[in-house]
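Worksheet for the structure shown next.
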Amino acid sequence: MGVDTVATFVATVDDDLNVRTRLAMQVGDRPDASAFPTVEAVDTVLAVGVPAVVVFGPSFGDEWGLARIEGITQNRPEVAAILVVETLTTALLQQALRVGVRDVLTAPVEGEQLAEAIDRVAATLVAAAPAVPVVPAPTEPAGPRGRLITVFSPKGGTGKTVLATNLAVALTRGGGTVALVDADLQFGDVAVMLKLTPQHTIVDAVTAIERLDSQFLNQLLVRHEPSGVMVLPAPIEPAFADQVSASDMSRIIATLRSTFTHVIVDTPSYFNEVVLSLLEESDDILLVAGMDVPNIKNVKIGLQTLRLLNTPVHKVKLVLNRANSRVKLDVAEVEKTLQVKADCLVPSDVVVPQSVNKGIPVVLDAPRSGVAKSIEQLATLFQGAGVGRR
């Protein structure tokens, strides 16, 4: 196990002998003495200043147990806690993170999963010298913020979500860390497009909005394994959309920007308070248009609205989807009508509906296609370091 290079000690704690022994065996090649029945027992063998990872079993998954864990994590910065619980709820996850638990896993946990969690947590530990005072963390991380890219279209059916998901994957392949937020709060399809089954949604973040931080928010994200994109899905039920306000969304986005190099937001096909707030805060706005007259008409109205909102021209980037369709609508005519030069032309190709039905982004499913190449080229506009603080 890679833990030994960072943490010299790994222990498991649970009042049930069978549970703590099983967890100790799953930890890896460790002596039997690494399993303990109580917090007091493990505390006596934790050397001061020496990094350690302690895995707490399900018997600590209540208020009493969390209070016992906090007794160690609060006074021993060199000790990291992992909690294994029978049933994981948003409330329990929130409480666990508040008392200093670094990761929460649901039983039954696989040995490989537990080992990976220990490695991940141990990598954040450093030896702590007791005499050195702890310097409080700044309220905002120093350095650049992640780049906020909002994908919007005033007309449905333009391929907006396809563009958002594929751009997120393309940016990750380019070396960035990407969070993808589904802000189409009533009918968001990002999770479906990426074939994800999320345990949490943006509503869970709003529930804890007063105490929201990057550590808690990252626990709510679901990872798209083929690409590494981290997704914050839309609510499961349309009725939950009203629970997310513009200020809530701003807080969530700001928290994500402190962690990721890029934050991409997919939006509904209409203006509302949340969308207007996102457009105002964005570094870039991808305005998606389809190649048909009703679509162009709506996009023109959308552009006029953005101008009325005093949106800087350099923010807006026009994406023409299905730009090679034989619909007797010329790209130059569209650009003249909209008075905006297209930044990206995405060709029409059967690989797009095929990839959507598979739940695999086209940049992964058909990387040599014209669609994939155009999105990869679009991604180059946003690659590089984050944007500076305003």
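Under the 4.0 Å criterion applied to side-chain N and carboxylate O atoms, D292 and R322 are not assigned as salt-bridge partners.
Under the 3.5 Å distance criterion, with hydrogens and angles disregarded, no donor-acceptor pair is assigned to the side chains of N321 and T158.
Summarising the local packing, CD of E110 is surrounded by 12 or fewer heavy atoms from other residues, nucleotides or ligands at distances under 6.0 Å. Atom CD of E335 sits in a crowded spot, with more than 12 heavy atoms from other residues, nucleotides or ligands closer than 6.0 Å. Atom CD of Q377 has 12 or fewer heavy atoms from other residues, nucleotides or ligands within 6.0 Å. When the shell of 6.0 Å around CZ of F271 is examined, it contains more than 12 heavy atoms from other residues, nucleotides or ligands. For I236, the CD1 atom counts as loosely surrounded, since its 6.0 Å shell holds 12 or fewer non-hydrogen atoms of other residues, nucleotides or ligands.
Among all heavy-atom pairs drawn from L212 and A205, the shortest one is CD1-O, 4.0 Å. For the pair L93 and Q219, the tightest heavy-atom approach, listed with the atom from each and the gap, is CD2-CB, 3.8 Å. Shown here for V13 and R20, the closest heavy-atom pair between the two residues is C-CB, 4.5 Å. In plain terms, the two heavy atoms of R102 and P77 that are nearest each other are NH2-O, 4.4 Å. Heavy atoms only, all atoms of each residue included: A289 and V299 are closest at CB-CG2, 3.5 Å. Nearest approach of D283 to G146, heavy atoms of both residues: OD2-O, 4.0 Å.
Both V206 and L221 sit in one connected hydrophobic cluster of ILVMFWY residues. Membership requires side-chain heavy atoms under 4.5 Å apart, directly or through other members.
Within the model, atoms CD1 of I202 and CG of D182 stand 8.0 Å from one another, a figure rounded to the nearest 0.5 Å. Atoms CZ and CD1, on F382 and I149 in that order, are 4.5 Å from each other to the nearest 0.5 Å. Residue T255 holds its OG1 atom at 7.0 Å from CD1 of I209, rounded to the nearest 0.5 Å. Note that CG of L286 is 5.5 Å distant from CG of L378, once rounded to the nearest 0.5 Å.
The closest side-chain heavy-atom distance from F187 to P268 is not below 4.5 Å. Residues L148 and R257 are in side-chain contact: their nearest non-hydrogen atoms beyond the backbone lie under 4.5 Å apart. Taking 4.5 Å as the limit, some side-chain heavy atom of V39 sits within range of a side-chain heavy atom of F60. Between L338 and I296 the shortest side-chain heavy-atom distance falls below 4.5 Å.
Contacts classified as salt bridge (Lys or Arg N to Asp or Glu O under 4.0 Å) and involving residues 223-252 (residues at least two apart or in different chains) are given here: R223-E225.
When atom types are taken as modelled, the side chain of T267 and the backbone of A183 share no donor-acceptor pair closer than 3.5 angstrom.
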